[in-house]
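Take a look at the structure below.
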Amino acid sequence: MSYTFPVTRNPNPKPKPDPNGLAFGKQFTDHMFVMDYDEGQGWHDGKIVPYGDILISPASSVLHYAQMMFEGMKAYKTEDGHIQLFRPEMNARRLNRTNERICMPPMDEELFVSAVKATVKEDADWVPDAPFTSLYIRPFIIADDPALGVKSAQHYRFMIILCPSGPYYAENRGKLSTTRIFVEDEYIRAAHGGTGYAKVGGNYAGSLRASQKAHECGCNDVLWLDAIEHKYIEEVGSSNAFFMIGDEVVTAPLAGTILPGITRDSVLTLLKEWGVPHSERKVSIDEVIDAAKKGELKEAFASGTAAVISPMGLLHYLGEEYTINNREVGALSQKIYDTITGIQTGKIPDTRGWVQRVV
Ligand code: COI
């Protein structure tokens with residue numbers, strides 16, 4: 001099924017920001033996508049309208065009980081001027097897994113991808129092409145019943161907003177660099193049976209106190225440990241975490257508490273194709289710290305849509321600091337970064353069907 005959406009053009013387009021000074025997620029384009037859901041009617045009336053504030057009832061359920069979800073994607077400009085997306089069908093699938101977890105209605109994958117493409121197409125001239133920049137795409141759904149009973153809503157709004165963005169970590173402005181990571185041994189991100197694998201706002205609200213602690217220690221982000229023993233590595237900030245211990249690259253298995261990252265999946269695919277020994281297994285913080293002490297922790301990096309591949313240069317754990325690879329970007333991290341961004345921006349041929357063209 002193919003979808004088209006009416007467009008109301010913004011009569012007051014904004015000047016485009018300087019592509020070399022872009023921060024992450026602070027400036028927004030001229031248009032946005034909005035669509036309603038009503039019980040009995042399904043998703044309906046998708047349209048593209050000028051970007052702007054929305055009216056919402058103060059009793060709206062999302063404001064009280066956080067029944068909301070979001071996705072994160074990017075659009076990239078190729079050297080020959082095309083705009084493309086990276087594995088958008090994976091976002092559509094993940095959206096539906098999240099929706100199922102928080103009792104929101106599913107969405108046809110093609111409807112989702114068509115809405116993203118139509119919105120990006122409308123603001124195609126906002127896709128930056130400076131190094132380390134892209135158009136960050138934020139689809140999200142809010143429950144919008146004006147009622148204070150704790151129950152799933154009957155009316156929802158789906159929206160897509162777009163922001164021309166620079167690197168997620170300021171360290172990576174202009175060149176790939178390393179971050180300082182705080183290993184959180186008190187607060188947790190997710191527990192089995194919870195919403196860790198789902199992209200819901202509450203997961204991120206619950207992470208803020210630990211981020212604050214990380215920043216107080218001069219770190220960029222948090223490395224999360226498991227909820228039961230505070231022992232096994234889960235994720236880093238809002239991304240997945242990879243460690244190269246000896247010759248093996250390890251990452252936590254998707255066991256309900258880990259976000260199934262699309263970049264994570266792409267990294268695992270590349271490692272397999274390149275014949276790099278790797279596994280999805282439980283890895284304890286003690287194993288990582290022991291490896292760091294013995295000089296066997298060769299590299300570590302975060303992987304995510306926003307973070308892309310963000311190498312870690314230091315772990316701060318229980319008051320001690322452990323450096324990784326002399327705080328330099330490792331060869332494997334750099335190769336993965338170059339390959340993924342190369343495919344995204346069309347510099348490397350897409351042999352896996354990962355890229356979808358918008359214009
Ligand atoms: C993404 O990588 O798209 C994310 O969702 C991270 C975001 C919370 C900044």
- Query: Atom OG in Ser177, atom OH in Tyr169: separation rounded to 0.5 Å?
  - Reply: 12.5 Å
- Could you note down all residue pairs passing ring-ring contact (aromatic ring centres under 6.0 Å, His included) where residues 181-202 supplies at least one of them, sequence neighbours left out? Phe182-His316
- Message: Could you work out, with side-chain hydrogen bond (donor to acceptor under 3.5 Å, both in side chains) as the rule, every residue matching Glu296, not counting sequence neighbours?
- Response: none
- Note on the structure: Here the ring-ring contact (aromatic ring centres under 6.0 Å, His included) pairs for residues 222-256, sequence neighbours left out, are Phe242-Phe301
- Trace of the salt bridge (charged side-chain N to carboxylate O under 4.0 Å, His left out) decision for Asp226 with Lys282: CA-CA 10 Å; Asp226 76 278; Lys282 284 171 96 169; over 6 Å; no
- Message: To the closest 0.5 Å, what do you measure between CG (Leu223) and CG (Asp185)?
- Response: 11.0 Å
- Item | Expected output: side-chain Gln67 to main-chain Ile102 donor-acceptor under 3.5 Å | yes
- Query: Where the side chain of Ser279 meets the backbone of Arg281, is there a donor-acceptor pair that is under 3.5 Å apart?
  - Reply: no
- Query: Can you name the side-chain contact (heavy atoms from CB on, under 4.5 Å) partners of Ile56, sequence neighbours left out?
  - Reply: Ser60, Val62, Leu63, Ile142, Asp144, Arg157
- Show your working on ring pair (Phe, Tyr, Trp, His ring centres under 6.0 Å) between Phe5 and Phe33 and close with a plain yes or no. CA-CA 9 Å; Phe5 309 99; Phe33 185 88; 4.9 Å; yes
- Query: Checking Asn240 side chain against Leu259 main chain: does a donor-acceptor pair fall under 3.5 Å?
  - Reply: yes
- List in chain and number order the residues that pass side-chain contact (heavy atoms from CB on, under 4.5 Å) with Pro50, two or more places apart in sequence or in another chain; answer none if no residue qualifies. Thr8, Asn10, Pro11
- Query: Which pairs count as side chain to side chain donor-acceptor pair (under 3.5 Å) when at least one residue sits in residues 104-120, sequence neighbours excluded?
  - Reply: Tyr3-Asp108, Lys117-Gln356
- Ignoring hydrogens and geometry, is there a side-chain-to-backbone donor-acceptor pair from Glu280 to Leu268 under 3.5 Å? no
